[in-house]
Q: 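Handing you this structure, nothing more for now.
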Amino acid sequence: MEFQVETGRIFAADGEKLLCEVTFPVRDGVATIDHTFVDDSLRGQGIAGQLMEAAVAEIGKNGWKAHPTCSYAVKWFEKHPEAGGLLK
């Protein structure tokens, strides 16, 4: 799946329909990962993990720190200690 990247948001859509997204508004160099969404039709395919990997790459590329507040993001960081260096 090809994601679109905006500042503070990575997503995929099919026309007007949002298929998946992760949002991470940035303030003072900290990206707060506050929301992940995957459409029911795509659940169980690892899309949320792919979104998190893309978000972590974007956060790292920009030199920001990550502050996960979304429950999925918190669990993702627990399962991926190699990304812990990005945590605020």
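We count residues from 1, following the sequence as given. Predicted model, so just to flag it, every value in this text is computed and none were measured.
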Q: Nearest heavy-atom pair of Gly49 and Tyr72: which atoms, and what distance?
A: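 Closest approach of Gly49 to Tyr72: N-OH, 3.2 Å.
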
Q: For residues Ile33 and Ala66, report the shortest heavy-atom separation together with the two atoms involved.
A: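 Of all heavy-atom pairs spanning Ile33 and Ala66, the closest is CD1-CB, 4.3 Å.
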
Q: Indicate, with yes or no, if Leu87 and Val74 share a hydrophobic cluster defined by side-chain heavy-atom contacts under 4.5 Å among Ile, Leu, Val, Met, Phe, Trp and Tyr.
A: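 Cluster IDs for Val74 and Leu87 differ.
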
Q: Salt-bridged, Lys75 to Glu78, with N to O below 4.0 Å?
A: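 Glu78 and Lys75: not salt-bridged.
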
Q: Go through the structure and list residues passing ring pair (Phe, Tyr, Trp, His ring centres under 6.0 Å) with Trp76, not counting sequence neighbours.
A: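 Trp76 satisfies ring pair (Phe, Tyr, Trp, His ring centres under 6.0 Å) with His80 only.
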
Q: Should Val22 and Met1 be regarded as members of a common hydrophobic cluster, given that ILVMFWY residues are connected when their side-chain heavy atoms come within less than 4.5 Å of each other, either directly or indirectly?
A: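 Yes.
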
Q: Working to the nearest 0.5 angstrom, can you tell me the gap between Gln45 CD and Asp39 CG?
A: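 One gets 10.5 Å once the value is rounded to the nearest 0.5 Å.
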
Q: Applying a strict under-4.5 Å side-chain criterion to I, L, V, M, F, W and Y, I'd like to know whether Phe77 and Val30 cluster together.
A: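 Not linked; separate clusters.
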
Q: Distance check, rounded to the nearest 0.5 Å: Ile59 atom CD1 versus Thr32 atom OG1?
A: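 Result: 9.0 Å between the selected atoms.
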
Q: About how many Å separate CG of Asp34 and CZ of Phe24, when rounded to the nearest 0.5 Å?
A: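 Answer rounded to 0.5 Å: 10.0 Å.
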
Q: Using the test side-chain contact (heavy atoms from CB on, under 4.5 Å), find all partners of Glu21 that sit at least two apart in sequence or belong to another chain.
A: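 side-chain contact (heavy atoms from CB on, under 4.5 Å) check on Glu21 returns Arg9, Phe11, Leu18, Thr23, His35, Phe37.
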
Q: Is Ile47 close to Leu19 at the side-chain level, that is, under 4.5 Å between some pair of heavy atoms?
A: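 Contact flag for Leu19/Ile47 side chains = no.
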
Q: Would you compute the distance between atom NZ of Lys88 and atom CG of Asp28 and round it to the nearest 0.5 angstrom?
A: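 It is 9.5 Å, given to the nearest 0.5 Å.
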
Q: Considering all heavy atoms of both residues, which atom of Leu51 and which atom of Cys20 are nearest to each other, and what is their separation?
A: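 Shortest heavy-atom separation between Leu51 and Cys20 comes out as CD1-CB, 3.8 Å.
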
Q: Consider only side-chain heavy atoms of I, L, V, M, F, W and Y, link residues closer than 4.5 Å, and tell whether Met52 and Leu42 are in one cluster.
A: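 Yes, same cluster.
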
